[in-house]
Amino acid sequence: MLDLNYIRQNVAEVKAALVKLNTEAPIEEILQLDQQRRDLLKEVEALRQERNVGSKAIGKLMAEGKKAEAETQKQHMTDLGDKISQLSEMLRQIETDLEDKLLYVPNMPAPGVPEGADDSHNVEIRRWGEPRQFDFKPLPHWELGEKLDIIDFERGVKMSGTRFYLFKGLGASLHRALINWFLDVAVNEHGYTEIYPPFMVRQQAMVKAAHLPKFRDNMYYDTEEDYWFIGTAEVPLTNVFADEILEASQLPIRYVAHTPCFRREKMSAGRDVRGIKRVHQFEKVEMYHYTLPEESYAHLNEIVGNAERLCQMLGLPYRVVEICTGDLGFAAAKKFDLEVWVPGENGQGEWMEISSCSNVTDFQARRANLRFRREKGAKPEYLHTLNGSGLPPGRLMIAVLENYQQADGSVIIPEVLRPYLGGRTEIKK
RNA sequence: GGAGGGAUGCCAGAGUGGUUGAAUGGGGCGGUCUCGAACACCGCUGUGGACUUCCAGUUCACCGUGGGUUCGAAUCCCACUCCCUCCGCCA
């Protein structure tokens, strides 16, 4: 959420930003509602003051035993009360409306974010590693998975429908190894505290994390009770300190959480239908930072660096891409994606997104009321939040299987994962 | 699932319709005392909004959340959420 005062005082900038973001938001309506609200508020508050004074006077009269005078005074106050409740109701509606519209305004892009209408304008920042040259025709992961009998698509679909599958045997173990290894590196080497959060949250928590109201269509939820299934650990992690005021000395806070993620993927119907790249249920290890405002960009680099390091340790070639304004999304002020190289379906090779690291600045903080105090007695300020995948084991399964496949159809297990697989070095039929 | 109890400021805990934004105690901060510290004493100690701007004020709202009753609600009524105790069931 943006600061209403900021919008009011920087209308031109906000509108220009929306154009760059290639999106729309009801700025004019917001400004109008804001003006109406303040006008009405002034009026209501004046009346309330009148009532407060009048009511106290009645109290005094009653105490002095002047019943008759008190009664006439009451008559007056009844009218006043009616007027107040009438105007308050109007005010309430305006405020609800205003709040609602405000929830649809995206975060402002940070200065320096490359401009562009869509992802074709994202800017490659750097590359690491060399895409592998195959002296045989590499197979896509779904063929490898079936040949090795470690991914079973048919039976996943049988019980749950399209975009479901199951891992089997070493497939399941490799997946688990990735998760455990990611968490261990994060906790032991990157300084994170591990969190095991709820996977279902209240609607309000979704709003606070900026996933509602805008992305309702991509979410699963219980229709009888107020439970919403998270699409990422970012949701519960944003809510950990909701409505709290932290001390500056507690910052920065680095949390890592491994959770399942549920997404309806309605928007991308028909895309990536083969394989396990885009599915309704997947796991993710997510990094999340709470920082001082002035330190958040340094933390963005740290998060990207952490994700990169995981790829390096796995020996997977990747590139870092800075996301342009038109592809930034709703909450990020600045975002880097990590794309890992995979040979893909035809062996031509493609860059597959495996991590998205964002500086959300104070956008979620304002929605979730996440604040800190610089020192005792100081005014609370909104802190900054950042998130980044580190990493999604499902997508990494694709990268590992496809990149480490051998001519005979077996797959070499990356060295760092071997201790998690009983020292095993390959997956073989 | 059944029965009961509860939710007040950083914490503990009063308050049951009329200067109560809220007693009292603790904690924290500042000061006096002291060579210094402890003790003691004194003072201060919430958030958000609107308005004015002499940056010092004025004012409104907030005692789990949302409604209602009333001239007036922390206090009465209703619904919801959460917590606790007991019983039942259970991974």
Side-chain angles (χ1 to χ4, degrees), chain A residues 1-9 30-103 196-208 212 221-228 236 239-251 260 362 365-383:
Chain A
M1 193 157 70
L2 292 187
D3 180 6
L4 187 53
N5 283 313
Y6 174 83
I7 297 178
R8 196 191 303 141
Q9 285 154 24
I30 286 172
L31 291 171
Q32 211 174 350
L33 287 166
D34 172 49
Q35 189 58 52
Q36 285 176 23
R37 172 181 165 269
R38 282 183 297 144
D39 290 345
L40 201 51
L41 189 61
K42 238 185 283 186
E43 207 176 331
V44 173
E45 288 192 350
L47 293 176
R48 280 185 186 151
Q49 187 183 357
E50 201 180 327
R51 180 175 68 183
N52 287 346
V53 172
S55 293
K56 274 176 191 167
I58 291 174
K60 204 167 277 177
L61 289 173
M62 300 281 278
E64 291 166 359
K66 299 174 180 168
K67 281 230 154 124
E69 280 178 58
E71 282 306 317
T72 37
Q73 207 26 35
K74 275 194 197 177
Q75 302 273 315
H76 273 92
M77 301 305 288
T78 309
D79 295 345
L80 192 59
D82 289 347
K83 198 162 181 194
I84 289 175
S85 49
Q86 202 183 339
L87 290 181
S88 319
E89 176 56 22
M90 282 170 66
L91 184 63
R92 198 189 59 77
Q93 280 184 15
I94 288 171
E95 282 178 338
T96 310
D97 205 6
L98 178 61
E99 176 79 5
D100 212 60
K101 292 204 158 56
L102 225 36
L103 290 177
Y196 172 85
F199 307 148
M200 299 186 287
V201 300
R202 295 266 185 252
Q203 185 172 348
Q204 261 316 303
M206 282 293 183
V207 173
K208 287 175 174 180
L212 279 177
Y221 53 91
D222 186 308
T223 54
E224 284 180 26
E225 287 184 89
D226 186 18
Y227 288 126
W228 295 68
N239 278 278
V240 171
F241 296 110
D243 300 311
E244 293 187 32
I245 301 174
L246 304 177
E247 286 168 38
S249 60
Q250 292 176 263
L251 301 172
D362 60 359
R366 188 170 282 108
R367 285 168 95 110
N369 203 19
L370 300 169
R371 295 177 297 171
F372 76 100
R373 245 189 263 274
R374 287 195 187 269
E375 55 200 60
K376 267 221 164 345
K379 232 175 114 64
E381 295 174 51
Y382 291 112
L383 45 77

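A, B, ... follow the sequence lines: proteins, then strands. Residue 1 opens every chain. The figures that follow rest on heavy atoms only: side chains count, while hydrogens, waters and symmetry mates do not. This one's a predicted model, so the numbers in the text were calculated from it and none came from an experiment.
- Shown here, B:C71 forms a base pair with B:G18; the pair counts as Watson-Crick or G-U wobble because both key distances fall under 3.5 Å.
- OP1 or OP2 of B:C82 sits under 4.0 Å from a side-chain N or O of A:R202.
- Ion pairing between a basic and an acidic side chain is recognised when a charged N comes within 4.0 Å of a carboxylate O; A:R371 and A:E244 show no such pairing.
- Regarding contacts with the backbone of B:G72, a side-chain N or O of A:R51 is found under 4.0 angstrom from either OP1 or OP2.
- For the pair A:N52 and B:U59, the criterion of a side-chain N or O lying under 4.0 Å from OP1 or OP2 is not met.
- Under the Watson-Crick or G-U wobble criterion, with both distances below 3.5 Å, B:A40 is paired with B:U32.
- Rounded to whole angstrom, the span from the CD atom of A:E43 across to the C1' atom of B:G49 amounts to 17 Å.
- Residue contacts for A:Q73: at a heavy-atom cut-off of 4.0 Å it reaches no nucleic acid atom on any strand shown.
- The one candidate from A:I84, A:L41, A:T96 that meets the side chain to side chain contact (heavy atoms under 4.5 Å, CB included) condition with A:L91 is A:L41.
- For the pair A:K60 NZ and B:U19 P, the computed distance is 11 Å after rounding to whole Å.
- Remark: B:U24 base-pairs with B:A12; criterion is Watson-Crick or G-U wobble with both hydrogen-bond distances under 3.5 Å.
- Between A:K379 and B:U47 there is no side-chain polar atom (N or O) within less than 4.0 angstrom of OP1 or OP2.
- Under 4.0 angstrom from either OP1 or OP2 of B:U47 there lies at least one side-chain N or O belonging to A:R373.
- Base engagement by A:I58 is indicated by at least one non-hydrogen atom pair under 4.0 Å involving a base atom.
- Regarding A:L102, its CG atom lies at a distance of 17 Å from the P atom of B:G48, rounded to whole Å.
- Among B:C71, B:G48, B:C60, the nucleotide with an atom closest to any side-chain atom of A:P380 is B:G48.
- One C1' atom belongs to B:U16, the other to B:G72, and the distance between them is 15 Å to the nearest Å.
- Using a 4.0 Å cut-off between a side-chain N of Lys or Arg and a carboxylate O of Asp or Glu, A:E71 and A:K74 qualify as a salt bridge.
- Side-chain atoms of A:Q93 and A:D97 include no donor-acceptor pair closer than 3.5 Å.
- For B:G48, the OP1/OP2 oxygens have a side-chain nitrogen or oxygen of A:R371 closer than 4.0 Å.
- Rounding to whole angstrom units, CG of residue A:L41 and P of B:C62 are separated by 13 Å.
- As a whole-Å value, the separation of A:L61 CG from B:U19 P is 14 Å.
- Between A:L4 and A:I30, the closest side-chain pair of non-hydrogen atoms falls below 4.5 Å.
- Base pairing analysis places B:G64 opposite B:C80; the two distances defining the Watson-Crick or G-U wobble pair are each below 3.5 Å.
- Between the CG atom of A:L40 and the P atom of B:A50 there is a distance of 14 Å, given to the nearest Å.
- Annotation: side chain of A:Q35 is in contact with side chain of A:R38 (closest heavy-atom distance under 4.5 Å).
- Distance CE (A:M1) to C1' (B:G48): 12 Å, rounded to an integer number of Å.
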